[in-house]
Each structure stands twice: as C-alpha cells, then as structure tokens.
Student: 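Below is the structure I would like to discuss, written out as structure tokens.
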Amino acid sequence: RSSAMRSVKGGVLLDDGRGDNWEFYCHVSLRDIVKEALTKFSISGSPEDWALFIDKTKRFVTEQNRHEELVSGVMANIRTAPEKLAEDSVHVLSSKTDHEILVELENVVKYAEECTYANVFYQKGGLDYLLDIIKRTPVYNQMNCSNLAYSLQALYQVMDFIGSDVWESIIDNNLIKKMVEIIRSP
C-alpha cells in the first residue's frame with residue numbers, strides 16, 4: 001500500500017447524536033473531509049465554517065496536528081470552525097449590548113481553552129476588545145462584575161497560548177489602574 005493512500009478508521013459525530021464510521025485518508029485535505037461530512041449529513045453552510053473537533057483531546061483538527069489527532073478509532077465531531085467562532089466573538093464584543101457581551105464572554109472563556117480558537121481570536125483583534133471591556137466597565141453591579149471576571153479570564157486564557165511577551169505590549173497605566181480598582185472592590 002502506498003503512503004499516499006494511508007488512512008485511519010474512526011467515526012464522525014454530530015452534536016445531535018447522528019454519526020457514522022469514517023475513513024480519514026491522509027492525502028485528502030481536512031476541508032474536503034469536512035465538505036464530504038456536511039454533504040453526507042445534509043448540513044448547510046460553507047466547509048470553511050465547520051471543522052473537526054476531538055472531544056477526547058479538546059482540540060480542533062488542523063492540517064498541522066491531524067497526524068496526532070486523527071488516530072485509529074477516533075471519533076471526530078463536526079463543530080463550528082474556530083475561525084468562524086472567533087469572528088463571531090469579535091463581532092459581538094465590538095458591537096452588542098452588555099447582556100449579549102456577557103453571554104459571548106462566557107463563550108470566549110469556553111472556546112479559549114482550545115489553542116486554535118485562542119490564536120485566531122488573538123489574530124482577529126479579540127484582545128483589544130477584551131481590554132476595552134475591562135477598562136470601560138465600572139465595578140458596581142453583578143453584571144459588570146461578571147463582565148469583568150469573564151473578560152479577565154478570557155484575557156488570561158488567550159495570553160496563555162499566545163505567550164508572555166505579548167503582555168508587555170498590552171499593559172498600560174489605565175489597565176493597571178483598572179486592575180487595582182477591581183482588586184480593591186468589595
């Protein structure tokens with residue numbers, strides 16, 4: 001068997017419980033695998049908006065990590081692609097009401113546990129919106145405190161994947177003053 005035809009047998013699952021056995025061929029791009037799964041399960045939308053996610057490792061499958069993630073017996077879930085998730089997050093954080101921002105901050109915290117999302121969120125300017133929310137949100141009621149808590153947690157999670165050298169470029173006097181205000185608040 002030629003190396004170009006190698007494959008891994010596993011399965012593809014949807015959040016609604018539907019699924020099927022799958023053979024992941026090494027020579028087939030992830031985009032084409034996703035496109036085939038979308039067709040098979042009658043899912044609408046562009047293949048670019050969808051991705052394979054491995055629940056066991058809590059990682060999206062990328063062309064760079066596919067040989068680590070797509071192993072024999074793997075069950076890959078079809079999920080919204082990290083690029084789409086990050087784009088949607090940045091849109092909501094930049095233009096919605098405080099309540100919608102709070103809901104999206106909860107999502108950012110959840111998604112930022114995964115490195116692909118965290119990197120895309122960073123590349124799309126998500127840190128700027130988190131910093132803006134942190135700096136402009138007064139510390140005086142439950143919703144504001146929740147916004148601040150989720151913003152700080154999301155900031156930490158994204159920065160954890162990006163690296164500590166970025167901290168130097170985002171810290172300014174206003175952010176330091178805000179952190180002190182948050183720490184001092186009851």
Side-chain angles (χ1 to χ4, degrees), residues 3-96 100-130 133 150-151 153-163 166:
S3 63
M5 293 303 288
R6 288 184 318 185
S7 66
V8 173
K9 292 185 182 199
V12 172
L13 295 172
L14 303 178
D15 286 340
D16 67 8
R18 291 183 293 156
D20 204 353
N21 293 329
W22 211 268
E23 193 159 1
F24 300 101
Y25 289 97
C26 296
H27 69 282
V28 177
S29 73
L30 286 174
R31 187 65 53 225
D32 287 342
I33 292 170
V34 168
K35 186 176 180 179
E36 183 181 347
L38 295 177
T39 301
K40 179 173 182 67
F41 295 111
S42 301
I43 299 172
S44 62
S46 169
E48 288 77 26
D49 292 341
W50 299 94
L52 297 177
F53 184 83
I54 310 301
D55 277 337
K56 186 175 182 177
T57 61
K58 306 267 188 259
R59 290 176 69 189
F60 284 100
V61 180
T62 64
E63 291 295 349
Q64 293 77 26
N65 72 11
R66 72 182 289 166
H67 299 293
E68 300 165 26
E69 297 298 328
L70 295 178
V71 296
S72 183
V74 70
M75 298 306 290
N77 297 67
I78 298 290
R79 298 270 171 85
T80 303
E83 294 81 7
K84 176 85 170 113
L85 291 170
E87 182 178 298
D88 291 349
S89 293
V90 168
H91 174 74
V92 171
L93 296 180
S94 68
S95 63
K96 299 295 179 182
E100 291 169 309
I101 288 172
L102 175 60
V103 171
E104 192 58 35
L105 286 169
E106 291 176 34
N107 289 332
V108 173
V109 167
K110 178 175 69 174
Y111 301 145
E113 293 176 354
E114 200 281 329
C115 62
T116 306
Y117 171 87
N119 282 313
V120 174
F121 183 80
Y122 172 74
Q123 292 167 3
K124 292 191 175 288
L127 284 187
D128 293 336
Y129 293 107
L130 292 176
I133 291 166
Y150 283 120
S151 297
Q153 188 175 356
L155 177 69
Y156 172 76
Q157 286 175 290
V158 172
M159 296 300 292
D160 197 34
F161 285 113
I162 303 305
V166 178

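Quick note: residue numbers are just sequence positions, from 1.
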Student: Distance check, rounded to the nearest 0.5 Å: F121 atom CZ versus L93 atom CG?
Tutor: 5.0 Å
Student: Any heavy-atom pair between the side chains of I162 and N119 that's under 4.5 Å?
Tutor: yes
Student: Check the side chains of S46 and D49 for a donor-acceptor pair under 3.5 angstrom, ignoring hydrogens and angles.
Tutor: no
Student: Identify the two heavy atoms, one from I133 and one from S151, that lie closest to each other, and give their separation to 0.1 Å.
Tutor: CG2-OG, 3.2 Å
Student: Quick one: CG on N65 to CZ on F60, what's the gap to the nearest 0.5 Å?
Tutor: 11.0 Å
Student: Under the side chain to side chain contact (heavy atoms under 4.5 Å, CB included) criterion, do I54 and N77 qualify, and how do the steps go?
Tutor: CA-CA 6 Å; I54 310 301; N77 297 67; over 6 Å; no
Student: Within the side chain of S95, is there an N or O that forms a donor-acceptor pair under 3.5 Å with the backbone of V92?
Tutor: no
Student: Taking salt bridge (Lys or Arg N to Asp or Glu O under 4.0 Å) as the test, write out the residues that go with E106, two or more places apart.
Tutor: none
Student: Could you tell me which non-hydrogen atom of P47 sits nearest to which non-hydrogen atom of V34, and how far apart they are?
Tutor: O-CG1, 3.9 Å
Student: Heavy atoms, side chains only, cut-off 4.5 Å: are K124 and E87 in contact?
Tutor: yes
Student: So which pairs with a foot in residues 32-42 pass salt bridge (Lys or Arg N to Asp or Glu O under 4.0 Å), sequence neighbours left out?
Tutor: D20-K40
Student: Any chance you could lay out the side chain to side chain contact (heavy atoms under 4.5 Å, CB included) test for V74 and K56, step after step, and finish with the verdict?
Tutor: CA-CA 9 Å; V74 70; K56 186 175 182 177; over 6 Å; no
Student: When rounded to the nearest 0.5 angstrom, what distance separates CZ in R59 from CD in E113?
Tutor: 14.5 Å
Student: On a heavy-atom basis, which atom in A81 and which in A51 lie closest, and how many Å separate them?
Tutor: CA-CB, 3.8 Å
Student: What is the distance from atom OH of Y122 to atom OH of Y117, rounded to the nearest 0.5 Å?
Tutor: 15.0 Å
Student: Taking C-beta and beyond as the side chain, do F53 and V61 meet within less than 4.5 Å on heavy atoms?
Tutor: no
Student: Is there a side chain to side chain contact (heavy atoms under 4.5 Å, CB included) between Y150 and V108? Walk through the geometry before answering.
Tutor: CA-CA 8 Å; Y150 283 120; V108 173; over 6 Å; no
Student: How close do A37 and V12 get, counting heavy atoms only, and between which atoms?
Tutor: CB-CG1, 4.3 Å
Student: Please work out whether the ring planes of F24 and W22 are parallel, tilted or perpendicular, with thresholds of 30° and 60°.
Tutor: tilted
Student: Would you say that L130 contacts L105 through its side chain, given a criterion of any heavy-atom pair below 4.5 Å between the two side chains?
Tutor: yes
Student: Check S89 against E104 and note the closest heavy-atom contact, atom names and distance.
Tutor: OG-OE2, 2.7 Å
Student: For Q157 and V109: C-alpha separation, side-chain torsions, deciding distance, then whether side chain to side chain contact (heavy atoms under 4.5 Å, CB included) applies.
Tutor: CA-CA 7 Å; Q157 286 175 290; V109 167; 3.3 Å; yes
Student: How close do T116 and P82 get, counting heavy atoms only, and between which atoms?
Tutor: CG2-CG, 3.5 Å
Student: Do D55 and R79 touch side chain to side chain, with heavy atoms closer than 4.5 Å?
Tutor: yes
Student: What distance do Y111 atom OH and T80 atom OG1 have between them, rounded to the nearest 0.5 Å?
Tutor: 7.0 Å
Student: What I'd like to find out is whether the side chain of L30 reaches to under 4.5 Å of the side chain of L70, using heavy atoms alone.
Tutor: yes
Student: When you compare the side chain of L14 with that of I43, does any pair of heavy atoms fall below 4.5 Å?
Tutor: yes
Student: With respect to R66, which candidate in E69, E68, E63 satisfies the salt bridge (charged side-chain N to carboxylate O under 4.0 Å, His left out) definition?
Tutor: E63
